[in-house]
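Residue numbers start at 1 and run along the sequence shown. Source: prediction; values computed, not measured.
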Amino acid sequence: MADPEPVVLIVEDEAINRLFFAQTLRKSGFRVHEAGSVSRAMDVLGKETVDAIFMDVGLPGTDGITGAQQIRELGPDFEGLPIIALTAFA
């Protein structure tokens with residue numbers, strides 16, 4: 001049996017950036033879930049298991065730093081989950 005595809009969640013409010021990351025990761029063999037906000041990311045995490053999260057730092061509403069903290073507070077299954085910060089800030 002083949003190894004399962006690694007699963008990532010992209011949390012990015014800019015649709016074009018989210019699309020770019022999603023397409024790139026899919027072409028690299030990942031299964032991808034997408035969210036445009038921390039709230040939507042929390043919905044996804046309540047239904048899906050992911051191996052890593054790509055989180056925009058500059059999200060409107062709840063920012064990515066606060067979102068990462070909220071994810072860590074979901075419990076032991078999320079404490080070691082890799083959360084990679086994304087930013088377009090120069």
Side-chain angles (χ1 to χ4, degrees):
M1 178 184 239
D3 289 334
E5 296 172 311
V7 181
V8 297
L9 170 60
I10 301 168
V11 187
E12 167 62 65
D13 60 311
E14 293 292 333
I16 192 72
N17 294 344
R18 196 170 56 243
L19 177 65
F20 170 77
F21 286 119
Q23 287 179 336
T24 301
L25 288 166
R26 285 184 180 112
K27 286 179 183 178
S28 297
F30 291 86
R31 192 161 52 98
V32 178
H33 296 287
E34 301 176 44
S37 67
V38 171
S39 173
R40 178 69 187 116
M42 297 301 251
D43 291 342
V44 171
L45 292 172
K47 300 173 190 166
E48 303 289 341
T49 300
V50 302
D51 298 303
I53 299 172
F54 289 85
M55 176 85 72
D56 182 14
V57 173
L59 295 165
T62 303
D63 65 46
I65 301 297
T66 303
Q69 292 168 337
Q70 291 175 354
I71 290 167
R72 295 281 184 242
E73 293 170 0
L74 291 175
D77 291 341
F78 297 91
E79 289 175 2
L81 180 66
I83 301 175
I84 298 97
L86 302 175
T87 185
F89 294 136

| request: Return the minimal non-hydrogen interatomic distance between Gly29 and Pro6, and the atom names on each side. | output: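 It is O-CD, 3.7 Å.
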| Taking every non-hydrogen atom, the tightest pair across Glu5 and Asp51 |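 Of all heavy-atom pairs spanning Glu5 and Asp51, the closest is O-OD2, 4.4 Å.
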| query | At what distance, to the nearest 0.5 angstrom, does CD1 of Ile53 lie from CD1 of Ile84? | reply |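 The distance works out to 8.5 Å.
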| message | I need the Glu12 CD to Leu19 CG distance, nearest 0.5 Å. | response |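 Spacing of CD (Glu12) from CG (Leu19) equals 11.0 Å.
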| Mind checking what makes side chain to side chain donor-acceptor pair (under 3.5 Å) contact with Thr62, not counting sequence neighbours? |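 Side chain to side chain donor-acceptor pair (under 3.5 Å) list for Thr62, sorted by chain: empty.
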| message | Checking Leu25 now: which residues fulfil side chain to side chain contact (heavy atoms under 4.5 Å, CB included) with it, not counting sequence neighbours? | response |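 By the side chain to side chain contact (heavy atoms under 4.5 Å, CB included) rule, Leu25 matches Val8, Ile10, Phe30, Val32, Phe54.
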Side-chain atoms of residues 70-79: list all donor-acceptor pairs with protein atoms under 3.5 Å, sequence neighbours left out, distances to 0.1 Å.
| unit_1 | atom_1 | unit_2 | atom_2 | d |
| --- | --- | --- | --- | --- |
| Arg72 | NH1 | Phe78 | O | 2.6 |
| Arg72 | NH1 | Glu79 | O | 3.4 |
| Arg72 | NH1 | Leu81 | O | 2.7 |
| Arg72 | NH2 | Leu81 | O | 2.9 |

| query | Who else is in the cluster with Ile65 when I, L, V, M, F, W and Y are joined by side-chain contacts under 4.5 Å? | reply |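 Noted: Ile65 shares its cluster with Val57.
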| task | Check whether Leu9 and Phe21 end up in the same hydrophobic cluster, where Ile, Leu, Val, Met, Phe, Trp and Tyr are linked by side-chain heavy atoms less than 4.5 Å apart. | result |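 Each belongs to a different hydrophobic cluster.
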Anything under 3.5 Å between a donor and an acceptor, one on a side chain of residues 38-48, the other on a protein residue two or more places apart or in another chain? List them.
none

| So which pairs with a foot in residues 21-35 pass salt bridge (charged side-chain N to carboxylate O under 4.0 Å, His left out), sequence neighbours left out? |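 The answer is Arg18-Glu34, Arg26-Glu34.
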| task | Take Asp13 and Asp56, measure what side-chain contact (heavy atoms from CB on, under 4.5 Å) needs, and give me the verdict at the end. | result | CA-CA 8 Å; Asp13 60 311; Asp56 182 14; 2.9 Å; yes
